[in-house]
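Read the structure below first, then the notes.
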Amino acid sequence: MQFFGGSEISPSPPVPTASGNNAHMMYVFNRNGVCLLYKEWNRPLHTLNPQQDHKLMFGLLFSLKSLTAKMDPTNADKGNLGVPQLPGQGCSFHSFRTNTYKLSFMETPSGIKIILVTHPKTGDLRESLKYIYGLYVEYVVKNPIYSPGSPIKSELFNTALDQYVRSIS
Amino acid sequence: MAPVGPRSGDAIFSSIDRVNAELFTLTYGAIVRQLLTDLEDVDEVNKQLDQMGYNIGIRLIDEFLAKSGVSRCVDFKETAEMIAKVGFKMFLGVTASVSSWDADGTCCSIILEDNPLVDFVELPDTCQGLYYCNILSGVIRGALEMVSMKTEVT
């Protein structure tokens, strides 16, 4: 028999090293391609309307995942190109970097994809993305009013997310 | 920072908020009793419990993945072990065991030695055929469906 224990949301977040807002945008998709969350902190150029932008992003990730898995030199088992892979199967890419931004990606076996676009000097954000997934679980999944598969409208989640993202470098 | 490996059920169970076991057992008992009063038909109650479990399962899987950090299981055997050892330990504080594998490796039984849901519970004769723990079946079914594994749990 145990009583209410101490509270610890998830593995503690990586220690913030710099202050200031470094993230540009964030997307969260579910396994069906529905964009659950889109947050924008710093994006001067808008070329597409939001729906097209989400579709483009989802399509990009799908293709990149497929491509990186097929090009894997260490994996002996290669499926046919174009066959969708289960999340977590085979190798998975976690980030790409251009001269102006870095896109970090994490996919869970349940199909939740978290994408964070930051400035190019950002380090490895995998731990941060795991922590954000933990936040998602706490504030969104556990909320009985939230129906899975619909866009996230939780104020608590947005605030916690803002606070955390501002603290990562 | 090196990625953290999957944590064992014990470690996670001791680090998250817990609730009084008697409260949990009594609450579940109250739910089942209320369902029996409302629906009266044992099969209907079984179905409702399964549906409730399913709704819990589709959310629980995300919490399980976030807290335990496991990656995709290679085959069904590993999945069953994961549910029994890590999943049940993490959420109910008890370890289950996997047994009765069939020839194909597609069917197994998960045995709970010590099920907190059924503490102090005795089924009367009027409720024969009631699957008291059917909510657990629903939870497993829901959770596995979210990782693209269609299963039947009874």
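In this text, all values refer to a predicted model and were calculated from it rather than measured experimentally. Lettering of chains follows the sequences in order, A, B, ..., and the numbering in each one begins at 1.
For residues 124-154 of chain B, the ring pair (Phe, Tyr, Trp, His ring centres under 6.0 Å) pairs, not counting sequence neighbours, are B:Tyr28-B:Tyr132.
A salt bridge does not link B:Glu81 to B:Lys77: none of the charged nitrogens lies less than 4.0 Å from a carboxylate oxygen. Looking at A:Arg126 and A:Asp124, a side-chain N of the basic residue comes within less than 4.0 Å of a carboxylate O on the acidic one, giving a salt bridge.
For chain A, the nearby parts of B:Leu65 are the backbone and the side chain; heavy atoms of each come within less than 4.5 Å. Proximity to chain B (any heavy atom under 4.5 Å) is restricted, for A:Val137, to the side chain, taken from C-beta onward. At a 4.5 Å heavy-atom cutoff, the contact between A:Asn143 and chain B is made by backbone atoms alone.
Most heavy-atom pairs under 4.5 Å with chain B, from the set A:Ile112, A:Val141, A:Val140: that is A:Val141.
Other residues sharing a hydrophobic cluster with B:Phe120 under the 4.5 Å side-chain heavy-atom criterion for ILVMFWY residues do not exist; the residue is a singleton.
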